[in-house]
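Numbering of ligands and ligand atoms starts at 1, following listing order.
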Amino acid sequence: MLAIDGVAKAFGGLRVLVDVSFAVGRGETLGLIGPNGAGKTTLFNVITGFLSPDRGGVRFAGTDIVGMKPDQRVRAGLVRTFQKSMVFPELSARENIALAARARRGAGYRWRSSASVTAEADGAAEALLGRARLGHRADEKVGNLSYGDQRIVDVLISLAMAPKLLLLDEPTAGLARQEAERLVELVRNHDDEVAIILIAHDLDIVFGACDRVAVLDLGRLIAIDTPAGIRAHAGAQAAYLGTLAEAS
Ligand SMILES: Nc1ncnc2c1ncn2[C@@H]1O[C@H](COP(=O)(O)OP(=O)(O)OP(=O)(O)O)[C@@H](O)[C@H]1O
Ligand SMILES: [Mg+2]
């Protein structure tokens with residue numbers, strides 16, 4: 001689904017990504033971990049087209065996408081969430097999600113579109129909220145929802161865009177363990193075909209939810225393996241100062 005080949009990115013003299021290569025298969029959930037400033041968000045920015053790599057290739061579903069604009073990538077099924085939430089707090093949960101569903105169908109962020117597009121988008125929003133057990137909150141302004149429910153709405157917005165590859169940048173930050181597990185389960189159970197890359201600092205969450213885990217350290221991919229393999233990996237352990245060994 002995704003193939004990264006020798007990607008490099010520097011800001012001025014700061015080398016933030018150094019020769020990063022890996023691939024993600026259809027339906028695979030890959031965890032992306034690494035200390036603060038390791039380059040995780042920068043890698044997402046390169047994959048989604050918000051930044052151009054200085055070097056290297058990015059292929060999505062078999063197509064070279066370097067040079068493709070972010071909105072074209074979204075319509076092709078390459079969807080991300082942001083480390084900082086992008087919801088419209090004054091709109092209801094249903095409206096936020098329906099807007100995303102419409103944007104995916106090419107209707108853009110316009111209020112006025114054909115009745116069929118509107119009905120379809122509202123139906124998709126309704127279904128997603130129901131699956132997240134938030135149907136009873138559909139008409140509440142997102143700004144009035146609890147922090148945890150707002151993070152769920154973030155994820156539902158990205159699912160409404162019908163991703164083939166979903167990039168989640170710390171969706172569980174600030175959530176209690178149970179809330180974090182609920183959010184990750186929601187994404188994983190959505191569609192077996194969707195590939196996911198999950199950035200999170202909570203190693204229990206990452207090791208519990210991911211098929212494989214990639215470790216970035218100072219812009220270098222120092223390991224990519226199963227959770228068990230990463231726990232046993234000396235370099236990954238060093239990057240985390242032993243905390244890997246403690247994660248269950
Ligand atoms: N637009 C930019 N201009 C200059 N430097 C940047 C820019 N974006 C990121 N950086 C720097 O690149 C490095 C990697 O940042 P990045 O945000 O990718 O890290 P991260 O792994 O996502 O960290 P965190 O876990 O804290 O979110 C940091 O040193 C950061 O300050
Ligand atoms: Mg980041």
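Residue contacts with ligand 1 include G39, since one of its heavy atoms falls under 4.0 Å from the ligand.
Between atom 4 (C) of ligand 1 and the options F11, F50, F44, the minimum heavy-atom separation is to F11.
If you number the atoms of ligand 1 from 1 as listed, the ones under 4.0 Å from a heavy atom of H201 come out as 25 (O). Within ligand 1, counting atoms from 1 as listed, the ones closer than 4.0 Å to a heavy atom of L14 are 29 (O). Counting the atoms of ligand 1 from 1 in the order shown, those under 4.0 Å from a heavy atom of E170 are 25 (O), 27 (O). For ligand 1, the atoms closer than 4.0 angstrom to any heavy atom of N36 are 23 (O), 24 (P), 25 (O), 26 (O).
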**Report entry** Residue pair E95, K141: steps toward the side chain to side chain contact (heavy atoms under 4.5 Å, CB included) verdict
**Finding:** CA-CA 9 Å; E95 287 164 337; K141 281 184 186 177; over 6 Å; no

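Both the sub-6.0 Å distance and the 45° axial angle are not jointly satisfied by R212 relative to the ring of F22.
Among all protein heavy atoms, the one lying closest to atom 27 (O) of ligand 1 is Q83 NE2, 3.0 Å. For atom 16 (P) of ligand 1, the closest heavy atom belonging to the protein is T42 OG1, 3.6 Å. Considering only non-hydrogen protein atoms, atom 25 (O) of ligand 1 sits nearest to K40 NZ, 2.7 Å. The protein heavy-atom contact nearest to atom 14 (C) of ligand 1 is G37 O, 3.3 Å. Atom 12 (O) of ligand 1 has its closest protein heavy atom at V16 CG2, 3.2 Å. Scanning the protein heavy atoms around atom 17 (O) of ligand 1, the nearest turns out to be T41 CB, 3.7 Å.
Checking atom 31 (O) of ligand 1 against the protein gives no heavy-atom contact under 4.0 Å.
Between D169 and K40 there is no salt bridge, since no side-chain N of the basic residue sits under 4.0 Å from a carboxylate O of the acidic one. Note on D54 versus K9: salt bridge recorded, some NZ/NE/NH1/NH2 to OD/OE distance being below 4.0 Å. Salt bridge status for D154 with R151: present, with a side-chain N to carboxylate O gap under 4.0 Å.
Of the possible polar contacts, one joining the D211 side chain to the T29 backbone as a donor-acceptor pair under 3.5 Å is found.
Between the CZ atom of R80 and the CZ atom of F50 there is a distance of 5.5 Å, given to the nearest 0.5 Å. To the nearest 0.5 Å, atom CD1 of residue I197 and atom CG of residue L43 are 7.0 Å apart. Between atom CG of residue L134 and atom CD1 of residue I97 there is a gap of 8.0 Å, rounded to the nearest 0.5 Å.
Note: no N/O pair closer than 3.5 Å links G34 and ligand 1 by distance alone.
By the 6.0 Å contact criterion, CZ on R182 is enclosed, its count of non-hydrogen atoms from other residues, nucleotides or ligands being greater than 12.
Because the distance cut-off is set at 2.8 Å, N36 fails to qualify as a neighbour of the Mg ion (ligand 2), as none of its N, O or S atoms comes that close.
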